[in-house]
Amino acid sequence: MYAYKFRLFSDEVEGLTRDYEILSNQTFKDFHDIIIQSLGLSGNELASFYTTDTKWEKQVEITLMDMGNENEDEDDKEEANMPKEVMSNAVIRDYIDDPHQKLIYEYDFLHLKTFYIEFIKAFEEKANTTYPICTNKVGELPKANVQILDDFDDLDLELDSDEDFYDEEDFESLDSEIEIE
């Protein structure tokens with residue numbers, strides 16, 4: 001069985017790189033799982049891989065889950081017509097057809113993180129190695145400054161019924177500015 005080596009980098013975080021080895025018969029879901037684990041991402045967000053040409057132009061989208069076409073925006077017709085696959089069904093070897101294959105990995109579409117991935121080489125799998133594996137880790141993603149609450153039930157939104165939001169003085173000053181006929 002062949003293993004593939006890929007290098008991930010970011011143009012947003014200087015010096016951040018990861019090297020991964022994955023078996024050719026594993027899926028993009030396996031690749032996604034090792035990426036989120038090695039980058040320290042929560043894994044609770046949507047993500048997509050894109051195969052690209054040599055100029056990083058997107059060709060095929062490989063999504064975490066099948067989202068259908070119901071949410072496609074008319075302004076993004078190019079991506080709406082792009083072929084789509086689901087990570088759990090997309091086997092790595094079926095998408096690596098160039099010795100310098102490039103991929104884009106996008107994570108968390110609300111707070112988009114974009115990573116670029118290059119195919120480095122193919123080699124015979126190593127005995128006693130569990131794939132996929134992160135073989136080189138340089139740099140870290142910055143921690144988010146804002147914590148997003150997943151569950152609004154945790155918010156304390158109870159209002160005190162005796163609490164006034166406005167002072168009577170506020171209304172008195174308004175009354176003096178408004179002439180009532």
> CD of Glu21 to OG1 of Thr129: how many Å apart, nearest 0.5 Å?
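Reported value, rounded in 0.5 Å steps: 7.5 Å.
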> May I ask you to decide if the ring planes of Phe6 and Phe31 are parallel, tilted or perpendicular, using 30° and 60° as cut-offs?
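Aromatic pair Phe6/Phe31 classed tilted.
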> For Thr17, is there any backbone N or O sitting under 3.5 Å from a side-chain donor or acceptor partner on Ser10?
no
> Any chance you could measure Thr63, atom OG1, to Met87, atom CE, to the nearest 0.5 Å?
6.5 Å
> Contact between Asp98 and Phe119 at the side-chain level, heavy atoms closer than 4.5 Å - yes or no?
no
> What heavy-atom pair brings Glu61 and Ser48 nearest, and what distance separates the two atoms?
OE2-OG, 2.8 Å
> Is it the case that more than 12 heavy atoms not belonging to Glu14 sit under 6.0 Å from its CD atom?
no
> What verdict does the side-chain contact (heavy atoms from CB on, under 4.5 Å) test give for Tyr50 and Met82, after you've listed the backbone C-alpha separation in whole Å, the side-chain angles of each residue and the deciding distance to 0.1 Å?
CA-CA 10 Å; Tyr50 297 88; Met82 182 182 299; 3.7 Å; yes
> Within the side chain of Thr52, is there an N or O that forms a donor-acceptor pair under 3.5 Å with the backbone of Lys102?
yes
> Can you hop from Ile133 to Phe123 via hydrophobic side chains spaced under 4.5 Å?
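Yes.
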> Answer yes or no: is there a donor N or O on one side and an acceptor on the other, between the side chain of Arg18 and the main chain of Val138, under 3.5 Å?
yes
> Are Tyr4 and Leu8 co-members of a hydrophobic cluster defined by side-chain heavy atoms under 4.5 Å apart?
yes
> I'd like to check the side chain to side chain donor-acceptor pair (under 3.5 Å) partners of Thr27; sequence neighbours left out, ordered by chain and number.
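Thr27 satisfies side chain to side chain donor-acceptor pair (under 3.5 Å) with Asp30 once adjacent residues are dropped.
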> Ion pair present between Arg7 and Glu118, side-chain N to carboxylate O less than 4.0 angstrom?
no
> Can you get from Ile22 to Phe115 by hopping between Ile, Leu, Val, Met, Phe, Trp and Tyr side chains that sit under 4.5 Å apart?
yes
> Can you tell me how far the CD atom of Gln26 sits from the CE atom of Met1, to the nearest 0.5 Å?
9.0 Å
> Is the shortest heavy-atom distance from the side chain of Leu23 to the side chain of Ile92 under 4.5 Å?
no
> Taking all heavy atoms of Asp53 and all of Lys55, pick out the closest pair and write down the distance.
OD1-N, 2.9 Å
> Considering only heavy atoms from C-beta outward, does the side chain of Lys58 approach that of Ile104 to under 4.5 Å?
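A side-chain contact exists here, since the closest heavy-atom pair is under 4.5 Å.
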> Enter the distance from Asn25:CG to Asp94:CG here, rounded to the nearest 0.5 Å.
10.0 Å
> Are any of the side-chain heavy atoms of Leu16 and Phe9 separated by less than 4.5 Å?
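In short, these two side chains do not touch, never coming nearer than 4.5 Å.
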> Taking side-chain contact (heavy atoms from CB on, under 4.5 Å) as the test, write out the residues that go with Leu41, two or more places apart.
Ile36, Leu39, Tyr107, Lys113, Leu141
> Between Leu64 and Phe109, is there a shared hydrophobic cluster once you connect ILVMFWY residues whose side-chain heavy atoms come closer than 4.5 Å?
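No, no single cluster joins them.
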> State which residues pass side-chain contact (heavy atoms from CB on, under 4.5 Å) with Thr51; sequence neighbours excluded, sorted by chain then number.
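With neighbours one apart ignored, the set is Gln59, Val60, Ile62, Tyr95, Gln101, Leu103.
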> Does Tyr131 share a hydrophobic cluster with Tyr20, counting links as ILVMFWY side-chain heavy atoms below 4.5 Å and allowing steps through other members?
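Tyr131 and Tyr20: separate clusters.
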> Using 30° and 60° as the class limits, which term best fits the ring planes of Tyr105 and Phe49: parallel, tilted or perpendicular?
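Tilted: the ring planes of Tyr105 and Phe49 meet at 30° to 60°.
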> What's the spacing between Ser42 OG and Asp108 CG if we round to 0.5 Å?
7.5 Å
> Kindly give the heavy-atom pair with the smallest separation between Pro142 and Val13, and that separation in Å.
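For Pro142 and Val13, the tightest heavy-atom pair comes out as CD-CG2, 3.8 Å.
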